[in-house]
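Remarks on the structure that follows.
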Amino acid sequence: MDCQDGSTLNADVAWKQLVAYLSPPNVITPEIKSRCKELIEVLENFGYPVRRCLGSWFRVKFKHYFKSDILPEVMTVLDVYADYEAFEKITVLLGKGILKFLLSFYLVEETDSTFQKKDVYMDFTTILMEIEEVKKLFSMCCINFYKRGFDCYDNLAQDLDCLPTEHSEELKNFDVINRYLCCLYLFEEVVYDAVLHVLNSQIRLFITDNFSGCSHDSSIIGPVMSWLNSSVITFIQFITQHQLVPPNMDIWKKRLKFFCYKTIATVRINDLFEIMVDYPESHAAVLDIKKCIGHVQCSTYLVRTVQDMFKERLLHPGANTEDIITQYSSAIKVLRFLDPSGAILEKVCSPLRSYLKNREDTIRCILNSLMSEEENELTRELSTTTGTLFNSNEDSDLENDDWEKWKPQSKDMPTDLKSKVSKSADIISTLCSIYGSASVFVKEYRSLIAEKLLTTSNYDVSLEMRSMELLKVGFGEDMSQCQIMLQDVVDSKRTHTNIINKVKQECPFEISTLIISHVFWPNLRKEDVNIYKPLQDYLSGEYQTAYSELKRSRTLEWKLNLGFVELDLEFEGRTLSFTVSPVQATIILCFEKSEKCHADTISNTIGLSLSQTRKKLAFWVTNGVLKETSKDMYELEKEVKETQQVVVEEMDSAMVKIEQVREEELEGFTNFVMGLINQSGQITVERVHKLLSLLLSDSPAGQLTPEEVKTFLDKKVKQKLLSFTGGVYKKPK
């Protein structure tokens, strides 16, 4: 045999031996591995490209082996076992069945630079996951497996300083299965999503169970991050310690911290209504939300959640206007702190502002708070106001003193808000901007202060003076009329004292009068009534004469229905105290000489209709002073329950109702409207509304509406002064 034949024979033998060593299910030992290297060297010397093709050949052989030998065993396990038990047995089967070829993998990897053992793992993973039953099994059981593992690890980690696996058989078994999953490269491809899902769930569970609805006076970010580092991060290090390539822990930490901030934000935002109620005591909770907003985009969730809270708890008829304003004030402070740009505040409170604007008593409630004798948030802020509360010219973001602190708006803020940001930073200006104009506040303030001044008996207006001066600065409007009203009270004290000293006949009662300049006061309600005769005679006689002598060319027009009377009624040693209107005082004094009195007699004495008199008498019946013995016959109660408190009557407003003011205004324009119709032959509601709106622009009744004009014109139709045909009003034929 020549040399060439001998060489060919040696190469064939070398190849056959190498194939026999490396072909699964054969497993090589370190000695066989060395022999395989010698055979590869022989084949290379004969010119065979073993180093370039051995990897491809081995992948094909191993894939065939996996399908023919290991996969049937996997399917057998699926048939025999179910769920979690099947998952564990398949993992162990794969680990023992594949990891025994590690020396073969290393040999091929060292020989063929194009081969990586990871490719083999990817091949069998692909084959496994193509089986729907296996895919579902791993998807379901991996979550359960790592949840059990985390619960066991976390419980031990909280109590032990050493490695938990040294104290738990259950955790040791978990570590065995986890090691197989890591070594088989199943962690990245199959397990990773399950682990992330479990850890996110555990973070959510820990935060919600421990901090949802908890006290708002301390931060929860610190305790959460401490638990994250001691339990979650160490668990990740524990389950990834068997990976051949160490994980990037920085990425894990960033991802899990992001989810912590997101969950904290959710928990705190869900409690934001209560946090606003408790503010500023709950500043720590607000600070948590602010920090979370800096890490996660949760502005949209915040806006939607708080809007829903307001809708459920505030925006309904059962909510008190004062409570709504109080909550709105707290919301302004909290949301301003969270987002100085005002975009969140604008979006969250837009429905609240619209609702408050449509409530009749909103302005009055705001002004009552501003004028309150007790210190509150609005009075404190009003006392520090240095500029107008209304600014129609909105400056740009950079045209202010804090331009260096300007920050762009959040990316997740709704686009309709990014160019619509409130610039005012204080509570009062935000509340007042609901109406957009200071004039409505000034008009309401006049009515409010008039009501208050009409019920004062000591002429002390120092608090009102102080409030007015502050409001004058804040509203930037002409408040000279209000100033005259207050001056009237001051002057009344001096005038009243001079008159009392001047009159010859002493008044049988201790009285105080308020003399006003009616031109500068709101329209006061007037009723033609008679009051207690001795008092009425005194006021219209001696008192009025003395005033005319004191203030020449001036006279007094008494509004006897206004004011109040403090009465002490004595019943057989018992005394009842009342604060009532002059009319009510006159009614009860009708029983001064007789214990019985008919409603007709009282009606004639006072000058009210019988029905109005009955309503007034009902007050005394309700309070146990009178009883109705027969139809319209009233008698003093003999046994009256003793009371230590003063009974105060809820008196009607001294102001003329807005509807009555509007009606009188429109009636004054009857001839004007009739003249328009005479000129043009016909007219529409829109045309009348446009003309009268210009003439009534400063009306105390506010802005004229088309509905009010139509009501006025329809009234003229009923009076047969006009006719209505085809949507226009004409002179009747």
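These numbers come from the heavy atoms of this one structure, side chains and all, not from hydrogens, waters or symmetry mates.
For F105 and F115, the ring centers are positioned 6.0 Å apart or more. Ring centers of F174 and Y153: at least 6.0 Å apart, outside the cut-off. Aromatic rings from Y192 and Y146 are positioned such that their centres are separated by 6.0 Å or more.
The closest donor-acceptor contact from the side chain of T305 to the backbone of L302 lies at 3.5 Å or more, if one exists at all. With hydrogens and angles disregarded, no donor-acceptor distance shorter than 3.5 Å links the side chain of D154 to the backbone of F150. No donor-acceptor pair under 3.5 Å is formed between the side chain of N200 and the backbone N or O of F259. Listed for the T362 side chain is no donor-acceptor partner under 3.5 Å among the backbone atoms of N358. Here the side chain of E469 pairs no donor or acceptor atom with the backbone of R466 at under 3.5 angstrom. Within the 3.5 Å criterion, the main-chain N or O of A343 finds a donor-acceptor partner in the side chain of D339. No donor-acceptor pair closer than 3.5 Å links the side chain of H283 to the backbone N or O of Y279. Formation of a donor-acceptor pair under 3.5 Å by the N144 side chain with backbone atoms of M140 is not found in this model. When atom types are taken as modelled, the side chain of T326 and the backbone of E322 share a donor-acceptor pair closer than 3.5 angstrom. H216 contributes a side-chain N or O that, together with a main-chain N or O of C214, makes up a donor-acceptor pair within less than 3.5 Å.
Annotation: side chain of S104 is not in contact with side chain of V27 (no heavy-atom distance under 4.5 Å). Contact annotation: the side chain of K147 approaches that of Q202 to within less than 4.5 Å [non-hydrogen atoms, C-beta and beyond]. Taking 4.5 Å as the limit, every side-chain heavy atom of V108 sits out of range of all side-chain heavy atoms of R59. The shortest side-chain heavy-atom distance between M129 and F124 does not fall under the 4.5 Å cut-off. Proximity of T240 to N178: side-chain heavy atoms (C-beta onward) are nowhere separated by under 4.5 Å. Inter-residue side-chain proximity for F138 and L181 is flagged as met; some heavy-atom pair is nearer than 4.5 Å. Annotation: side chain of Y328 is in contact with side chain of R353 (closest heavy-atom distance under 4.5 Å). Using a 4.5 Å heavy-atom threshold, the side chains of C349 and L335 count as touching.
D175 and R179 are joined by a salt bridge, as a carboxylate oxygen and a charged side-chain nitrogen come within less than 4.0 angstrom of each other. Using a cut-off of 4.0 Å between Lys/Arg side-chain N and Asp/Glu carboxylate O, E274 and R313 are scored as salt-bridged. Contact check on R304 versus D308 returns no salt bridge, with no Lys/Arg side-chain nitrogen under 4.0 Å from an Asp/Glu carboxylate oxygen.
Here the shortest heavy-atom pairing between R268 and S218 reads NH2-O, 2.9 Å. Here the shortest heavy-atom pairing between G149 and L171 reads O-CD1, 3.9 Å. The two atoms that bring L345 and A331 nearest to each other are CD1-O, 4.3 Å, heavy atoms only. Listed here is the closest heavy atom pair of A265 and C298: CB-SG, 4.0 Å. When all heavy atoms of C260 and I207 are compared, the pair lying nearest together is O-CD1, 3.9 Å. Contact record, R359 with N320: NH1-C, 3.8 Å, taken as the closest heavy-atom pair.
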_Could you go through M75 and I131, starting from their C-alpha distance and side-chain angles, then the distance that decides it, and tell me whether this counts as side-chain contact (heavy atoms from CB on, under 4.5 Å)?_
CA-CA 10 Å; M75 301 308 294; I131 303 172; 3.9 Å; yes
*V120 and F101: side-chain contact (heavy atoms from CB on, under 4.5 Å), yes or no, with the steps?*
CA-CA 11 Å; V120 178; F101 297 104; over 6 Å; no
*Checking side-chain contact (heavy atoms from CB on, under 4.5 Å) for the pair I90/Y81: CA distance, chi angles, key distance, verdict?*
CA-CA 10 Å; I90 289 176; Y81 301 97; over 6 Å; no
*Given the rule in the salt bridge (Lys or Arg N to Asp or Glu O under 4.0 Å) test, do K254 and D250 qualify, once you have shown the distances and angles that lead to the verdict?*
CA-CA 6 Å; K254 287 179 180 178; D250 288 338; over 6 Å; no
*Starting from the C-alpha separation in whole Å, work towards a yes-or-no answer on side-chain contact (heavy atoms from CB on, under 4.5 Å) for W252 and V195.*
CA-CA 11 Å; W252 274 102; V195 172; 4.0 Å; yes
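For K63, the NZ atom counts as loosely surrounded, since its 6.0 Å shell holds 12 or fewer non-hydrogen atoms of other residues, nucleotides or ligands. Annotation: F337, atom CZ; neighbour count of heavy atoms from other residues, nucleotides and ligands within 6.0 Å is above 12. Applying the 6.0 Å contact sphere to NZ of K333 captures more than 12 heavy atoms from other residues, nucleotides or ligands. Heavy-atom neighbours of E464 CD from other residues, nucleotides or ligands within 6.0 Å: above the threshold of 12. In this structure, K96 places its NZ atom where only 12 or fewer heavy-atom neighbours from other residues, nucleotides or ligands lie under 6.0 Å away. In the displayed structure, Q307 atom CD is contacted under 6.0 Å by more than 12 heavy atoms of other residues, nucleotides or ligands. No more than 12 heavy atoms of other residues, nucleotides or ligands lie within 6.0 Å of NZ in K357, so this atom counts as exposed by the packing criterion.
To the nearest 0.5 Å, atoms OG1 (T234) and CG (N229) are separated by 9.0 Å. Put simply, OG1 on T300 and NZ on K347 are 9.5 Å apart, with the number rounded to the nearest 0.5 Å. A distance of 10.5 Å separates CD of E109 from OG1 of T114, quoted to the nearest 0.5 Å. For the atom pair C292 SG and H295 NE2, the distance stands at 8.0 Å (nearest 0.5 Å). Atom CG in L228 sits 9.5 Å away from atom CZ in F206 (nearest 0.5 Å). Here CZ of F273 is found 9.5 Å from CD of E312. Values are rounded to the nearest 0.5 Å.
Paired with L94 under the rule side chain to side chain contact (heavy atoms under 4.5 Å, CB included), one option of V92, T91, I98 passes, and it is I98. When the options I221, D288, I220 are evaluated for a side chain to side chain contact (heavy atoms under 4.5 Å, CB included) with F211, the one that passes is I220.
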